[in-house]
Amino acid sequence: MAMKCRQMKLSPALLGGIFFGIGLAGLLFLGWGELRLGFLLLVYCLVIIGSRLDQIAGLLESIDRKLTAAGPVRSMAPPDADHSPPESQTPP
């Protein structure tokens, strides 16, 4: 039995707002310095990259499903075609 994982799909703008709020609260109320804010920025970049990679993987998966549903790909060459160059292009 296959399990499907439900993931929250958050837009990058919403994630940016969340991380900005965390950074602002840390700066104003918790006394965070440059090092902790830099680490928060690093975590933000990793989360955004992971989110984009997840979107790309989902897009590739949907394309793969469409290609699988379309059936096998047929060759464009005629069945009696030999793959040799035309006689006018053969070297002497």
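Note that the structure is a prediction, hence the values are computed from the model and not measured.
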**Q** If you measure from CG on Leu46 to OG on Ser51, what distance do you get to the nearest 0.5 Å?
**A**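 One finds 12.5 Å between CG of Leu46 and OG of Ser51.
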**Q** When Ile, Leu, Val, Met, Phe, Trp and Tyr are grouped by side-chain heavy atoms lying under 4.5 Å apart, directly or through other members, which residues fall in the same group as Leu53?
**A**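 Same cluster as Leu53: Ile49.
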**Q** Any heavy-atom pair between the side chains of Leu41 and Phe19 that's under 4.5 Å?
**A**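 Of all side-chain heavy-atom pairs linking Leu41 with Phe19, none is under 4.5 Å.
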**Q** If the condition is side-chain contact (heavy atoms from CB on, under 4.5 Å), which residues does Ile56 pass it with, not counting sequence neighbours?
**A**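 So Ile56 forms a side-chain contact (heavy atoms from CB on, under 4.5 Å) with Leu60.
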**Q** Identify, with sequence neighbours excluded, every residue that meets side chain to side chain donor-acceptor pair (under 3.5 Å) alongside Glu61.
**A**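 Testing Glu61 for side chain to side chain donor-acceptor pair (under 3.5 Å), a comparison that skips the adjacent residues, returns Arg65.
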**Q** Holding to side-chain contact (heavy atoms from CB on, under 4.5 Å), I want the full list of residues that pass it with Leu30, two or more places apart in sequence or in another chain.
**A**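 So Leu30 forms a side-chain contact (heavy atoms from CB on, under 4.5 Å) with Trp32.
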**Q** Say you draw a straight line from CD1 of Ile22 to CG of Leu27; how long is it, rounded to the nearest 0.5 Å?
**A**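 Those atoms lie 13.5 Å apart.
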**Q** When clusters are formed by joining ILVMFWY residues with side-chain heavy atoms under 4.5 Å apart, either directly or through shared neighbours, do Leu59 and Leu67 land in the same one?
**A**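 Hydrophobic grouping puts Leu59 with Leu67.
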**Q** Run the side chain to side chain donor-acceptor pair (under 3.5 Å) test against Arg36 and tell me which residues pass, sequence neighbours left out.
**A**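 Checked Arg36 against side chain to side chain donor-acceptor pair (under 3.5 Å); zero matches.
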**Q** Checking Thr68 side chain against Asp64 main chain: does a donor-acceptor pair fall under 3.5 Å?
**A**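 Yes, the answer is positive, given that a donor and an acceptor are paired below the 3.5 Å cut-off.
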**Q** What's in the same ILVMFWY side-chain cluster as Leu24, cut-off under 4.5 Å, chained through other members?
**A**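 Same cluster as Leu24: Phe20, Leu28, Phe29.
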**Q** Filter on ring-ring contact (aromatic ring centres under 6.0 Å, His included), then keep only pairs touching residues 45-64, sequence neighbours left out; what's left?
**A**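 Every pair satisfying ring-ring contact (aromatic ring centres under 6.0 Å, His included) with a residue in residues 45-64: there are none.
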